[in-house]
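Quantities reported herein were computed from a predicted structural model and do not represent experimental measurements. Note: hydrogens, waters and symmetry copies are ignored here, and every other heavy atom, side chains too, is used.
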Amino acid sequence: MSASIPLWKSFLRFLAPLMLSNALQSLFGTVSNVYLGHMIGVDALAAVSTFFPVLFFLFAFVMGLSTGATVLIGQAFGAGEHGRIKIVVGTTLAAGLLLSISIGLLGGLFSRQLMMALATPADILEAASAYARIMMLTMPLGFVFLLMTAMIRGVGDAVTPLLALAMSTTIGLVLTPMLIRGAVGITSPAWAAAISNALTLIVLAAYLLRKKHALAPDIALLRHVRLNRAVIGQVLGIGLPSAVGMVVMAIAELVLLGLVNRFGSDATAAYGAVNQVMGYTQFTAMSISIAVSILGAHAIGGGDRARLDGIVRTGLAFNLVLTGGLVALIYLAPRTVLGIFITDGAVLDLAKGLLFVALWSSVPFGLATTFSGAMRAGVALTPMLLSIFAIVAIELPSAIFLSRVVGLEGVWAAYPIVFCSMFVLQMGYYLLLWRKQAIRRLI
């Protein structure tokens, strides 16, 4: 990126396609579920939903792998060492393929036993097992696609992954209803995803080769598709803490859901609606954090401390403007926004009250992830430990105690408490310790 371009413009050029890409990634799953529910029935939707816990854990690992690789690629790109980029990409692809092929083989053999272990109801066991089998057998295509689109962003290119995701999503959304009508049944979304990923990877490879892109699958890159022990150690050193952090957050959400369920089905419905709305504000904050992490890795690779500080300030400003602006808009029309998800008047009133308690905390959450994203560009363990400490030592005890003292609102009060705590912890560590250390690239 040219030094003459203001940092906020460079940041926005990277952030905008990144946010659109993340939106597209969630679109296919949402619309596929609508297809299943309307074209086959609620049992099909339930059968697919039983695979979600498995999918989440696999997704957490591949996201961790891609996070580690993207940081190393960003540092090598910032340092101008393109040869090192290919080593990281090749090693990451080799690890992803090894893991996904192993998952595919095990899943093909034991998908039924896996669904039984998840206590899948007997009436949907066969359908759930069939869906899980195809999802796991085609896992290599999904892993490679996710890794490639994530790693391309490491060199500052957010547009190519957006185009690839747009193509894949379009193909998948066209294929899914066609396969359902063609009597493929519940496995239609899994087959549609596999076919769309395969076709998009072929087109993406041709495009990268024609553009002579840094991640083009040329002979030099293919030569490095093997496990380099030193590099995979660096990738996992950055990526595993991120994956562990995602899993801990998911477990905490399950605990909070258990607390909410004690207050009845209306409370559970309100919880789902409020979480959907807060998901949009947190999604914005997380996109900004990813941008800070990748652009920060470029600065670390180039040894530019001043630019790194500027990236953090820009990320904080974008969080205040974008995340804060979105929060403000939702507060102006809460019933309208919540009405997208729920229609019952009593539940809507309950959800509105809970939204007012928790929604504003998306802003300190975004500020916290900006600091952690910057530190993740150089080191990942401490930011993850701080987040886990906040969840385990602050959020869960607060939610349990306040739910007994205040009631349902007490569960939601835990969100502002933990997000403000995360903000203080991450900012304090960044300003008082991390920022005073010499920046050092890892590759």
Side-chain angles (χ1 to χ4, degrees), residues 11 15 18-19 22-23 26 60 63 67 241-242 244-257 260 271 273-293 296 311-331 334 337 354-377 380 382-399 402 409-431:
F11 197 101
L15 178 63
L18 174 61
M19 291 179 67
N22 288 337
S26 62
M63 286 301 294
T67 297
S242 299
V244 171
M246 287 179 64
V247 171
V248 170
M249 288 184 68
I251 293 172
E253 284 297 320
L254 290 175
V255 174
L256 294 182
L257 178 58
V260 169
Y271 172 88
V274 174
N275 259 6
Q276 286 281 343
V277 175
M278 288 188 66
Y280 286 100
T281 56
Q282 292 176 8
F283 156 82
T284 302
M286 290 303 298
S287 296
I288 295 169
S289 175
I290 293 170
V292 168
S293 185
I311 289 167
V312 173
R313 290 193 297 270
T314 304
L316 293 172
F318 269 104
N319 258 300
L320 291 173
V321 173
L322 296 181
T323 309
L326 184 56
V327 167
L329 286 173
I330 294 170
Y331 271 133
V337 175
L354 299 177
L355 190 72
F356 271 82
V357 172
L359 181 62
W360 67 271
S361 66
S362 295
V363 176
F365 170 80
L367 299 176
T369 59
T370 297
F371 287 113
S372 63
M375 292 185 285
R376 193 169 57 242
T382 303
M384 181 271 289
L385 292 176
L386 291 174
S387 294
I388 290 178
F389 171 79
I391 291 168
V392 175
I394 298 174
E395 181 183 26
L396 295 181
S398 297
L402 291 174
E409 290 82 1
V411 179
W412 286 99
Y415 284 96
I417 291 171
V418 72
F419 291 155
C420 288
S421 300
M422 282 184 179
F423 173 44
V424 172
L425 289 170
Q426 300 286 2
M427 179 178 65
Y429 183 76
Y430 177 86
L431 293 176

Measuring from S289:OG to F365:CZ, what's the distance to the nearest 0.5 Å? 8.0 Å
Validation row: F371, L316 side chains within 4.5 angstrom (heavy atoms): yes
Would you check if Y430 and V312 make a side-chain contact, meaning some heavy-atom pair closer than 4.5 Å? yes
I'd like to check M375 versus T382 (side-chain heavy atoms, cut-off strictly below 4.5 Å). Are they in contact? no
Contact check, side chains of I417 and L402, non-hydrogen atoms, under 4.5 Å: yes
Once you round to the nearest 0.5 Å, how far does OG1 of T370 lie from CE of M286? 10.0 Å
Quick one: closest heavy-atom pair of C420 and P364, and the distance? SG-CG, 4.0 Å
Would you indicate whether the side-chain heavy atoms of F389 and I394 approach each other to under 4.5 Å? yes
On a heavy-atom basis, which atom in G296 and which in I311 lie closest, and how many Å separate them? N-CD1, 3.9 Å
One should read off an interatomic distance between F283 CZ and L326 CG, to the nearest 0.5 angstrom, of 10.0 Å
What is the distance from atom CD1 of I391 to atom OG of S421, rounded to the nearest 0.5 Å? 11.0 Å
Does any part of the side chain of S361, heavy atoms only, come nearer than 4.5 Å to the side chain of M278, both counted from C-beta? yes
Assess whether side chain to side chain contact (heavy atoms under 4.5 Å, CB included) is satisfied between V244 and I388, documenting all intermediate values. CA-CA 9 Å; V244 171; I388 290 178; 4.0 Å; yes
Donor-acceptor pair, side chain of Y415 and main chain of L359, under 3.5 angstrom: no
Of all heavy-atom pairs between L425 and A390, which one has the smallest distance, and what is that distance? CD1-CB, 4.2 Å
Is any side-chain heavy atom of M422 closer than 4.5 Å to a side-chain heavy atom of T369? no
Checking the side chain of S293 only, and the main-chain atoms of I290 only, is there a donor and an acceptor separated by less than 3.5 Å? no
Residue pair V392 / P397: nearest heavy atoms and the distance that separates them: O-CD, 3.2 Å
Would V363 and N319 count as a side chain to side chain contact (heavy atoms under 4.5 Å, CB included) here? Give the steps. CA-CA 7 Å; V363 176; N319 258 300; over 6 Å; no
Pairwise side-chain contact, I288 with F11, heavy-atom cut-off 4.5 Å (strictly under): yes
Give me the atom names and distance for the closest heavy-atom approach of G366 to A285. CA-CB, 3.5 Å
Expected output: side-chain Q426 to main-chain P383 donor-acceptor under 3.5 Å: yes
Can you list the residues that meet the side chain to side chain contact (heavy atoms under 4.5 Å, CB included) rule with L396, with sequence neighbours excluded? A252, V255, L256
Rounding to 0.5 Å, atoms CD1 (I330) and CH2 (W360) come to a distance of 15.5 Å
Check side chain to side chain donor-acceptor pair (under 3.5 Å) between S362 and all other residues, then give those that pass, not counting sequence neighbours. T281
